[in-house]
Amino acid sequence: FSSLRKHLMSKSTAKYRKDNQSLQLPIYKHKAKLVQAVKESTFLVVTGETGSGKTTQLPQYLCQAGFCKNGKICITQPRRVAAITVAQRVAHEMQCTLGREVGYQVRFDDCTTQDTELKYMTDGCLLREVLADPGLSHYSVVVLDEVHERSLNTDILLGLLKKVFSNPTEAMKGRAFPLKVVVMSATMETDKLSAFLGDCPVFAIPGRTFPVTCTLGTAVGPKDLQSTGYVKEVVSLALDVHTSEKAGDILVFLTGQLEIERACDLLFEKAESIDYRYDVQDKTVDGLLILPLYGSMPTEQQRQIFQPPPPGIRKCVVATNIAATSLTINGIKYIIDSGFVKQLNHNSRVGMDILEVVPISKSEALQRAGRAGRTSAGKCFRIYTKEFWEECMPEYTIPEIQRTSLTAVVLTLKCLGVHDVIRFPYLDPPEERFILEALKQLYQFDAIDRFGRVTRLGELMVEFPLQPGLTRALLKAASHGCQDLLLSVAAMLSVENIFIRPGHPDKQKEADQSHRALAANSGGVNDFGTLLSVFQQCKSSERPSAWCKDNWIHWRALKSAFSVETQLRDILLRLRDFPVEKFDGNKNELFRRCLCTGYFTNVARRSVGKVFCTMDGHGSMVHIHPSSSLFDKEMELDWILFHDVLVTSRVYVRTVCPIRYEWVKDLLPKLHEVDVYELSSVAREEVTDEEVTKWETREAAKRQSEISAEDALKKVEKRNNENSVSEARARYLQRKLQRQQNKVV
DNA sequence: GAGCACTGC
């Protein structure tokens, strides 16, 4: 006994010895009560601002309290880097090797072992795990962190966990020990969270941040909702701060690469004209270091941002929203907030995703301001007026689940046995038409049947970390034995843009020329083929990174495409269980036919001149984007298929491939045969066998009067484009006009 | 005749 005791004691002192830092964290005082709270209830909401130590300490407390005896403790994060860095820190604090007692799991990187007790992972990873093990049998505690960010995956996990306990499934009953759920969030909306989880207890931990004084401005009012004139304002404000405020770095929030480059140019121009001998009040500041920061920037260049500036020099980082959550820059004391953000919204009226500039929410504005108070008191200068704050900025950002396409989510839920996807317990339910649209698309892909039940194909599809359309095309290819072609194309389409297009006109020409050459080398007939060829050329080249540089291709993006391709290939090998179909034709045609199977919702036919009309039931008028190899060849085309849509001065389709009508002839009527309201009634309730027979009889009757492809065509072409796509375009044009006027002044 | 924020599997 004594030796065992000794062993345990040494374990607790060596393994869990705290350095002074963690004892000083605000959470430490609440340790006993927190552990008690977790013991006493199934759900617990823990709130605490940045600096409270909840992410690093709470899991350790639970581990020490014996929660690891039965199973692991997992802590989810919305981002990869966060999962990895937090795990590293906790492993260091517990003085153990990363990957042993403390580990992390993110896509492509599983750093855990059988013995891992604390597992930090991305929310997406846990969701995949739930698919394989709905009872979460390996875990004793599930901690959802950063819930206030409302990431799509976290929202789904939250609903699933609630559902599991409101109506324990077989999987849960089979558990040997109870599961505990801790939901951690910054202070906002905690009442709502607690109410959602059956009025569970809320535990508040004080944060350790410094006060940030905020001031409103005059540059942007309610009338300037679409204005882009704010760049000039932001620049002059930054210079004001620079010349009148004490030492401390500046962080400016803008919306995109272009805006940032323009602001940096302006800043550079003006900062050069400052005479630092006389103008600057704080004599410790001798100059301004201007640094742009956005996601597609090379990683090396991004790293520069974190270097402390030379003595006497003030750093001014001009960034996108990437600096709001993903990256933390030390030493920031001043924030300049434009009040806008670029956001991808799904529009179910036209069935398209539209990237647009919108005002940020009040909570987001607070978040931005908070970036100035991490190490000392700070100041935040907002360029918008009080009226703008009150009238144009919503309280909270609309959660992702309410503004994205739900096709993949609905399929995941269905595969988890959630039949009624409309009445699933969402913290914030998405609009019903978003769900119906998803059901319709899944039906069209043959992933679910008319009764909303997952088909064999749907079960296969859910295994792939891809957009459903791409998965569908890939599985079609696999059944024809030509998966190699689609594997690389699917990988290329699911990573960030691989074509580099620099800002300087000379280099732009050079890059465009390289890209055109790449398209021509691949046969020059379709953009999907170009992607395939780029993938193959780079992969077989002796020095792939050099090859990318020569051809203006993002090496970082291509590297991830290689990993994705390997992963997809592994999944395909593991499944192997799909029907094999014969096809006698050439490979090029087969390739494009497979694409049609996944993209028949993205088909358009040329109507007048260079304008194409989509066949998705909305009849939107679209143009081929100038970056496409088919641009300027429109008159030779009839039917096309495209990967995505971009709304700017026109509605553009990108990544295009010519197809033949015969290939989609049998698929197109699918777009019109199913009535979403029919699906809706099916979606709401479990279907009995009796009902199935009833439906099948009806369906048989329907099939006789089935709508022909030609009818579908006529139906679509009648519609015009008076919808929100043109609204979005009008907004873009207005912005452009204002930008031009701004330039003239 | 070009204007793609940020995540994630």
Side-chain angles (χ1 to χ4, degrees), chain A residues 76-83 105-109 121-132 146 149-157 228 253-262 293-297 319-327 338 340-345 353-358 360 364 397 400 404 408-409 412 462-467 470-471 494-503 505 508-509 511-512 515 554 557 560 563-564 567-568 571 610 623-628 631-632 634 643-650 652-655 732-733 735-736 739:
Chain A
T76 68
Q77 296 290 323
R79 281 172 297 281
R80 292 167 59 96
V81 254
Q105 189 192 340
V106 296
R107 188 184 189 184
F108 303 129
D109 192 0
M121 63 201 299
T122 47
D123 50 8
C125 264
L126 185 63
L127 195 58
R128 306 284 341 166
E129 240 184 84
V130 178
L131 268 168
E146 311 284 9
E149 283 189 28
R150 306 300 307 275
S151 89
L152 184 63
N153 289 332
T154 297
D155 266 19
I156 296 297
L157 285 169
T228 54
F253 281 105
L254 290 176
T255 66
Q257 178 180 347
L258 212 87
E259 222 171 64
I260 287 169
E261 276 166 5
R262 216 153 57 88
L293 173 64
Y294 45 85
S296 58
M297 240 167 60
T320 59
N321 235 21
I322 193 171
T325 48
S326 307
L327 297 176
S338 67
F340 289 98
V341 68
K342 206 173 272 183
Q343 202 172 60
L344 186 71
N345 293 320
D353 290 330
I354 299 175
L355 192 70
E356 51 190 349
V357 174
V358 293
I360 57 170
E364 214 171 335
T397 308
E400 201 184 349
T404 36
V409 166
T412 307
V462 83
E463 297 290 326
F464 292 87
L466 288 175
Q467 300 165 5
L470 267 178
T471 311
S494 64
V495 298
E496 56 183 318
N497 186 17
I498 59 149
F499 298 104
I500 297 172
R501 193 150 197 274
Q508 218 166 67
K509 261 187 191 166
D512 290 350
H515 296 160
H554 262 296
S560 40
S563 330
V564 174
Q567 189 190 26
L568 297 176
I571 298 172
K610 295 181 168 184
H623 288 78
I624 294 180
H625 193 269
S627 65
S628 167
F631 179 78
D632 246 1
E634 290 90 344
H643 173 249
D644 65 348
V645 186
L646 182 67
V647 182
T648 53
S649 57
R650 279 176 171 173
Y652 285 110
V653 292
R654 288 185 308 181
T655 318
Y732 174 88
L733 289 172
R735 289 171 59 79
K736 194 170 178 180
R739 209 150 53 199

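Not measured: the values here are computed from a predicted model. Residue numbers start from 1 in every chain, and the chains themselves are labelled A, B, ... in the order their sequence lines are given, proteins ahead of strands.
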| query | At under 4.0 Å, does any side-chain N or O of A:Arg501 touch on OP1 or OP2 of B:dC4? | reply | no

| message | With rounding to the nearest 0.5 angstrom, report the CZ to CG distance, A:Arg262 to A:Leu254. | response | 9.5 Å

| query | What's the CD-C1' distance between A:Gln77 and B:dC6, to the nearest Å? | reply | 16 Å

| query | Looking across every strand, which nucleic acid part, if any, lies under 4.0 Å from A:Asp512 by heavy atom: base, sugar-phosphate, or nothing? | reply | base

| request: May I ask you to say what A:Ile322 touches in the nucleic acid, namely base, sugar-phosphate or nothing, with a heavy-atom cut-off under 4.0 Å? | output: sugar-phosphate

| query | Closer than 4.0 Å, any side-chain N/O of A:Thr320 to the OP1 or OP2 of B:dC6? | reply | yes

| query | Looking at B:dC6, does its base get a donor-acceptor pair with the side chain of A:Asn321 below 3.5 Å? | reply | no

| Salt bridge or not for A:Glu259 and A:Lys342, using N-O below 4.0 Å? | no

| message | Taking any heavy-atom pair under 4.0 Å as a contact, classify A:Arg107: base, sugar-phosphate, or nothing. | response | base

| said: Using a heavy-atom cut-off of 4.0 Å across all strands, would you classify A:Phe631 as base, sugar-phosphate, or nothing? | reply: base

| What is the distance, rounded to the nearest whole Å, between atom CD of A:Glu146 and atom C1' of B:dG8? | 15 Å

| Base, sugar-phosphate alone, or nothing: which one does A:Arg80 contact when heavy atoms must sit under 4.0 Å apart? | sugar-phosphate

| query | NZ of A:Lys342 versus P of B:dT7: gap in Å, rounded? | reply | 15 Å

| said: Can a donor-acceptor pair be found, under 3.5 Å and without considering hydrogens, that links the side chain of A:Thr412 to the backbone of A:Ala408? | reply: yes

| note | Rounded to whole Å, OH of A:Tyr294 lies from P of B:dC4 at a distance of 14 Å

| request: Spell out, as yes or no, whether a donor-acceptor pair under 3.5 Å connects the side chain of A:Thr320 to the backbone of A:Gly256. | output: no

| field | Distance test, side-chain N/O of A:Thr325 to OP1/OP2 of B:dT7, below 4.0 Å | value | no

| task | With heavy atoms under 4.0 Å as the rule, sort A:Leu646 into base, sugar-phosphate or nothing. | result | sugar-phosphate

